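Everything on this sheet refers to the single structure shown next.
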Amino acid sequence: MRWFSRARLAVAWTAAFVVRSCAYDLDVNSVDSIIGGATLAADGMMHYYSGHLPGNIPGILPPPYYWWEVGAMFGGLIDFWWYTGNDTWNDIVIQGLLHQIGDDGLVMPKNQTTTEGNDDQAFWAIATMMAAERGFPNPPKNKPQWLAVTQAVFNLQATRWDMDNCNGGLRWQIFTWNNGYTYKNTVSNGCFFQLATRLARYTGNSTYEDWANKIWDWSVESGLISDDYRFYDGLDIPSNCSVNHNQWSYNAGLYLAGSAFMYNITTGAEQEKWKKRLDGILWMAGVFFHPTQPDVMYEAICEPYPRGCNTDQKSFKAYFSRWLALTTQVAPYTSEIIMPKLRISAKAALETCVGGTDGVTCGLKWYKGDWGAWDGNYGVGEQMAVMEVTQSLLIETKNEAPPFTEVKGGNSTGDPTAGGAGDNPQLNAIVDLSVPTAGQKAGAAIATLTVISMTGYMFYYMVT
Ligand SMILES: *[C@@H]1O[C@H](CO)[C@@H](O)[C@H](O)[C@H]1NC(C)=O
Ligand SMILES: *[C@@H]1O[C@H](CO)[C@@H](O)[C@H](O)[C@H]1NC(C)=O
Ligand SMILES: *[C@@H]1O[C@H](CO)[C@@H](O)[C@H](O)[C@H]1NC(C)=O
Ligand SMILES: *[C@@H]1O[C@H](CO)[C@@H](O)[C@H](O)[C@H]1NC(C)=O
Ligand SMILES: *[C@@H]1O[C@H](CO)[C@@H](O)[C@H](O)[C@H]1NC(C)=O
Ligand SMILES: *[C@@H]1O[C@H](CO)[C@@H](O)[C@H](O)[C@H]1NC(C)=O
């Protein structure tokens, strides 16, 4: 972790002395200024990553960062390249994605069987979907292709749709021995929903559209989405499918952008239906902007409280920003509501990047408080959120570049049947799905004790 790195300390102190007093002054009307701000945050983020160096594993961040967050970060870096034109990280992103996707293209690496949930797997698939939509360089021909990987994850998750409990939905966990197997969380279902909508637009295959409707309808019927478009955390199968009411920004973001894609590809009454939802989500998403510092984005359920946000939660504003910007591309009428919020948030976000020993480390809280400019938090999530909210401002320069589709711009090779056979029997045989050994149980218990908060499962604050 660079903040404690001894080797860098001497240099960093000098740098801190020089730069600490002047924060990055973002000019939201200047492309160069926006690129400079996003690059500052990206550089800080990538100090934590060393998966490309000899002896390290591509696509893995050191603790405390879980596997899923690297997939999320690679998505952010695909956008970094697309927005800024800077391809510095592309080879590292491609290497890391391919290593974790695996030669079977299923994104089910054996090393992750004690932690991999449907949401985790989907964050990697969202990155490959972005790669296909943005025309990110394709992998070598003998490797799984971006679109086919996205379809594989989608098809695998479709085989996991569980009608036996709570009338449908995806469970959080894939493996029976992981804590959270009896929980159906909104982020897993929201990722699945968004993948369905984006695959529907990209491929034009109506099967994905049918799934998008089915996932939305179940999310409402099960109480995960309220009548006024609040997105709750998830539901617990053993307690009669009762809902945990915590609200996280990325859940709203997932369904927001997904609804915008559906709005874009439908017509007539169907389009009206999705527009109503889109408008409702956008309105309620106001809860993720500070009540007294208008239009400054915050993670309402953890940032203001002494307990704070955990490692995962610190990154959620990155995806919320990403999906707000994406929404303006496929539903342009939302732009005048969304862009002012992104601009004010990005400016506030960059003002926090005066911390750490290097003097340019970004903080977590973008709203002002008695902690000064930098609130003392630092890490991959903090850097990623500042990078994404800042680069998102460039969406307005991309009017001529909507997400590619199979017939317009896109050339990633697909495979509509990939993963459709369900979970890999080989993997299941190796780590016998039904009867975990004592060792597996212990390993899983330790892993889940620490990962359980990915969705705020054990969290008590409520956003009301
Ligand atoms: C491209 O990005 C890298 C890494 O973030 C940065 O160091 C470099 O200055 C950037 N190049 C330009 C031309 O902005
Ligand atoms: C799994 O772990 C082994 C041993 O550390 C490593 O060599 C391999 O690259 C890892 N695979 C993935 C996909 O991370
Ligand atoms: C695929 O599309 C990308 C982005 O437009 C382009 O750079 C690349 O050359 C294309 N590849 C092929 C094989 O057509
Ligand atoms: C379980 O939930 C259903 C639907 O909300 C409700 O009708 C039923 O009374 C609940 N049962 C118990 C035991 O709480
Ligand atoms: C659908 O998306 C395209 C591409 O961004 C956009 O030009 C078009 O206006 C959108 N359709 C609607 C109905 O907003
Ligand atoms: C459409 O998608 C479904 C689900 O993945 C797949 O089974 C089917 O083959 C696809 N149809 C076409 C024409 O590609």
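Along the sequence shown, residues carry numbers from 1. Please read all numbers here as calculations on a predicted model, not as lab measurements. Atoms within a ligand are numbered from 1 in the order they appear, just like the ligands themselves.
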key: Element-labelled atoms of ligand 1 that are located less than 4.0 Å from some non-hydrogen atom of Asn86   = 1 (C), 2 (O), 3 (C), 8 (C), 10 (C), 11 (N), 12 (C), 14 (O)
Tyr333, portion touching ligand 5 at heavy-atom distance under 4.0 Å = neither
note = Within 4.0 Å of some non-hydrogen atom of Trp89, the atoms of ligand 1 are 4 (C), 5 (O)
request  = Please determine if Arg322 and Glu388 form a salt bridge, counting it only when a charged side-chain N lies under 4.0 Å from a carboxylate O.
outcome  = yes
ask   = Within 45 degrees of the axis of the six-membered ring of Trp216 and under 6.0 Å from its centre: does Lys273 put its NZ or CZ there?
value = no
message = Could you tell me if Tyr250 and Glu299 have a donor-acceptor pair between their side chains, going purely by distance under 3.5 Å?
response = no
Contact table ligand 6 N or O to protein N or O, d under 3.5 Å:
from, atom 1, to, atom 2, distance (Å)
ligand 6, 2 (O), Asn205, ND2, 2.3
ligand 6, 5 (O), Asn155, OD1, 3.1
ligand 6, 5 (O), Pro416, O, 3.3
ligand 6, 11 (N), Asn205, ND2, 2.8

key: Residue pairs, two or more places apart or on separate chains, that pass side chain to side chain donor-acceptor pair (under 3.5 Å) and touch residues 333-349   = Asp25-Lys347, Asp279-Tyr333, Asp295-Lys341, Arg343-Glu396
inquiry  = When you compare the side chains of Thr186 and Asn251, does any donor N or O come within less than 3.5 Å of an acceptor on the partner?
reply    = no
With sequence neighbours excluded, residues passing ring-ring contact (aromatic ring centres under 6.0 Å, His included) with Tyr49 = His52, Phe74
Check: Trp283 ring centre within less than 6.0 Å of Tyr229 ring centre = no
ask   = Tyr367: what forms a ring-ring contact (aromatic ring centres under 6.0 Å, His included) with it, not counting sequence neighbours?
value = His290, Tyr298, Trp371
request  = Would you mind listing which atoms of ligand 5 come within a distance below 4.0 Å of any non-hydrogen atom of Gln271?
outcome  = 13 (C)
message = Below 3.5 Å, N or O to N or O, backbone or side chain included: is there any such pair between Gln329 and ligand 5?
response = yes
